[in-house]
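Both backbone and side-chain heavy atoms feed into the values below; hydrogens, waters and symmetry mates do not. Residue numbers start at 1 and run along the sequence shown. Small disclaimer: the values here were computed from a predicted structure and weren't measured.
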Amino acid sequence: MTKVPQVVLWVALPLAGIVLGWIIRWLYARFQLSASEQKAERVKQDAIREAEAQKKEILLNAKDELIRERNQQERENRERRAEVQRYEARVSKKEELVDQRAAECDKKEKEFADRAAAMKKRETTLNAQEEELRRELERISGLSAQEAKELIIKSLENDARHDAQALLNKIEQDAQLSAEKKAREILISAIQRIAPETTSDITVTTVSLPSDEMKGRIIGREGRNIRTLETLTGVDIIIDDTPEAVVISCFDPVRKEIAKESLERLISDGRIHPARIEEIVQKVTREVQNKIYEEGERALFDLGIHNMPTDGVRALGRLYFRTSYGQNVLTHSKEVATVAATLAAEVGADRELAKRAAILHDIGKGAENDSDQNHAEVGAEIARKMGEDARVINAIAAHHNDVEPTTIEAIIVQIADAISAARPGARKETVDNYVKRLENLESIAENFEGVEKAFAIQAGRELRVLVNNEKVADNEVKQLASDIAKQIENDLKYPGRIRITMIRETRIIEYAR
């Protein structure tokens, strides 16, 4: 009986321990949960308080910002209102000025109207007085106004004729007394009054280069640059061992000037290729044409000659690039005009007429179109088209005795021309013969059908012929070259041989828009 309770005790005690441990654990867990909840509640309360504080701070900041923005807006509004008020004040002031000016203009306009009315009334009165005086004069003189005018003109004409006849009689008497001595003195005086400039025509020009490397750029790849320049200008460009220089050879001074100026610009620009060369040559050609007109104007201005038509100025300016036996034709013409004016003044002839005829006497040499007539006939025709005086036309046509001179001024032009041409150092015949030979060489080629232009280069040893591709086919070019060569052999005498180079180019230009 005592053993059973012990067993129970041994079993109950662990169970009681387990139950007690579980109870203690449950109680501990409950205690821990309660502490966590309290801690969580405290954290929650702290967060709520902190959020309320931040909310209040944000609201305060927002109120402060709103107040600052409102103050800024009010300042800007005040400034704008002040600016508007200032602008309104300026506008109001300007309106007052405009009103004042309008009132002044109205006042002046009224004054002008009053003055105009007064002047008109005065003019009417003066016209009436003038008419009354005219009638009174006609009554007193017994002549009408037209009859009185004719009488005065006739009287002046008679006086002028009498004075002119008296002057002519005096000149004739003086001339008869000392004709030879006076003529010698007049010629010496005329020659001494001119500036005896000696001119010479050269057929080569040297162009300086910045370095010898520029020679290769001028020649271009496979010689295309130098070939384009020679073709467009009709000159011969010689590039040899001369350091930093190339030589331009051409008998035509206009073409030589165009080539020289074009080459200098290309060297300065640095862009040397066929398209640029063509552009520069075209531009320089236009400038040379302008220079021709300027030289004509300058010559007329120096001589005090006015009322020259534009065509006459251009024809005269072209003489600047022409030479006759090495003498510059424009310089020669100015020289002849100076001598002719001096001679006319000495002998009592029309000085201005003689000077005008003298400056135009060689104008036929500057004609753009070739003609079978000599330069005196061409010049007379040009002067006739320009509406020149018949005496001027006769002096031009007669200065080489092709026609009979009809005035003393025409004879004076002949004398002045001979003086200018005959003075020492004025002319060199060899140069003119050389130029004539090259001009004839080009003329022969240009007379053939289909030839656009011909250039004689290398002192006449080569002739370059530009062919119109629309008129001459490729298979016809060879025959055309042969025909030109035969014509040159028949018409010209020359040493050695002449090389004929035919150039036929097909150029198509289209624009993309």
All side-chain hydrogen bond (donor to acceptor under 3.5 Å, both in side chains) counterparts of [X], not counting sequence neighbours:
X	answer
Q479	D483
E157	R161
E294	none

May I ask you to decide if [Y]'s main-chain N or O and [X]'s side chain share a donor-acceptor pair within less than 3.5 Å?
X	Y	answer
H332	V329	no
N225	G216	no
T124	K120	yes
D402	A398	no

Checking N127 against E131: is there a side-chain donor and acceptor pair closer than 3.5 Å?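 Side chains of E131 and N127: no pair found under 3.5 Å.
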Under a plain distance cut-off of 3.5 Å, with no hydrogens placed, do D362 and S333 share a side-chain donor-acceptor pair?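 Distance-only check fails for S333 and D362.
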[atom2] on [Y] to [atom1] on [X], rounded to 0.5 Å:
X	Y	atom1	atom2	answer
D302	T338	CG	OG1	9.0 Å
E489	I444	CD	CD1	10.5 Å
S249	I238	OG	CD1	5.0 Å
K453	I503	NZ	CD1	13.5 Å
E261	K291	CD	NZ	9.5 Å
D269	R276	CG	CZ	4.0 Å

Within a strict 4.5 Å, meaning less than it, do heavy atoms of the [X] and [Y] side chains meet?
X	Y	value
N469	E505	no
I267	P210	yes
Q289	Y293	no
T231	L466	yes
I488	I500	yes
I359	K334	yes
L133	E130	no
I258	V254	yes

salt_bridge([X], [Y]) N-O dist < 4.0 Å:
X	Y	answer
E213	R217	no
R265	E287	yes
E409	R391	no

Not counting sequence neighbours, which residues clear side chain to side chain contact (heavy atoms under 4.5 Å, CB included) with [X]? List them please.
X	answer
N475	A473
K385	E381
I239	K215, I218, I219, I226, I237, V246
A357	V392, A395, V413

Compare every heavy atom of [Y] with every heavy atom of [X], then report the nearest pair and how far apart it is.
X	Y	result
A299	L330	CB-CD1, 4.0 Å
A416	L343	N-CD1, 4.4 Å
R318	I292	N-CG2, 3.4 Å
A456	L441	CB-CD2, 4.0 Å
N394	A410	OD1-CB, 3.7 Å
I396	A380	CG2-N, 3.6 Å

In this structure, which one of L263, I248, V235 forms a side-chain contact (heavy atoms from CB on, under 4.5 Å) with L229?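 Of the listed options, the one satisfying the test is L263.
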ring-ring contact (aromatic ring centres under 6.0 Å, His included) involving H400 - partner list, sequence neighbours excluded: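 For H400, the residues satisfying ring-ring contact (aromatic ring centres under 6.0 Å, His included) (neighbours in sequence not counted) are H375.
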Apply salt bridge (Lys or Arg N to Asp or Glu O under 4.0 Å) to R499 and list each qualifying residue two or more places apart in sequence or on a separate chain.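 With sequence neighbours excluded, R499 shows a salt bridge (Lys or Arg N to Asp or Glu O under 4.0 Å) to no residue whatsoever.
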Between M502 and I484, does a side chain to side chain contact (heavy atoms under 4.5 Å, CB included) hold up when you go through it step by step? CA-CA 10 Å; M502 309 295 291; I484 293 174; 4.3 Å; yes
Taking it one step at a time, do L300 and L316 satisfy side chain to side chain contact (heavy atoms under 4.5 Å, CB included)? CA-CA 9 Å; L300 294 172; L316 192 62; 3.6 Å; yes
Tell me the salt bridge (Lys or Arg N to Asp or Glu O under 4.0 Å) pairs involving residues 220-232, sequence neighbours left out?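 Sorted pair list: E230-R464.
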Restricting to pairs with a member in residues 351-360, which pass salt bridge (Lys or Arg N to Asp or Glu O under 4.0 Å), not counting sequence neighbours?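 Every pair satisfying salt bridge (Lys or Arg N to Asp or Glu O under 4.0 Å) with a residue in residues 351-360: E352-K355, R356-E388.
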Decide yes or no on side chain to side chain contact (heavy atoms under 4.5 Å, CB included) for L480 and F448, but give the supporting numbers first. CA-CA 8 Å; L480 179 59; F448 280 84; 3.9 Å; yes
Can you list the steps and then say if T233 with V284 is a side chain to side chain contact (heavy atoms under 4.5 Å, CB included)? CA-CA 11 Å; T233 58; V284 172; over 6 Å; no
Could you check E462 against T501 for side chain to side chain donor-acceptor pair (under 3.5 Å), going step by step and ending with a plain yes or no? CA-CA 7 Å; E462 181 177 353; T501 303; 3.1 Å; yes
Report all side-chain donor-acceptor pairs from residues 303-312 shorter than 3.5 Å, counting only partners two or more places apart or in another chain.
none

Check the pair E257, K260 against salt bridge (charged side-chain N to carboxylate O under 4.0 Å, His left out), reporting the backbone distance first and the verdict last. CA-CA 5 Å; E257 178 68 19; K260 175 179 175 294; 5.4 Å; no
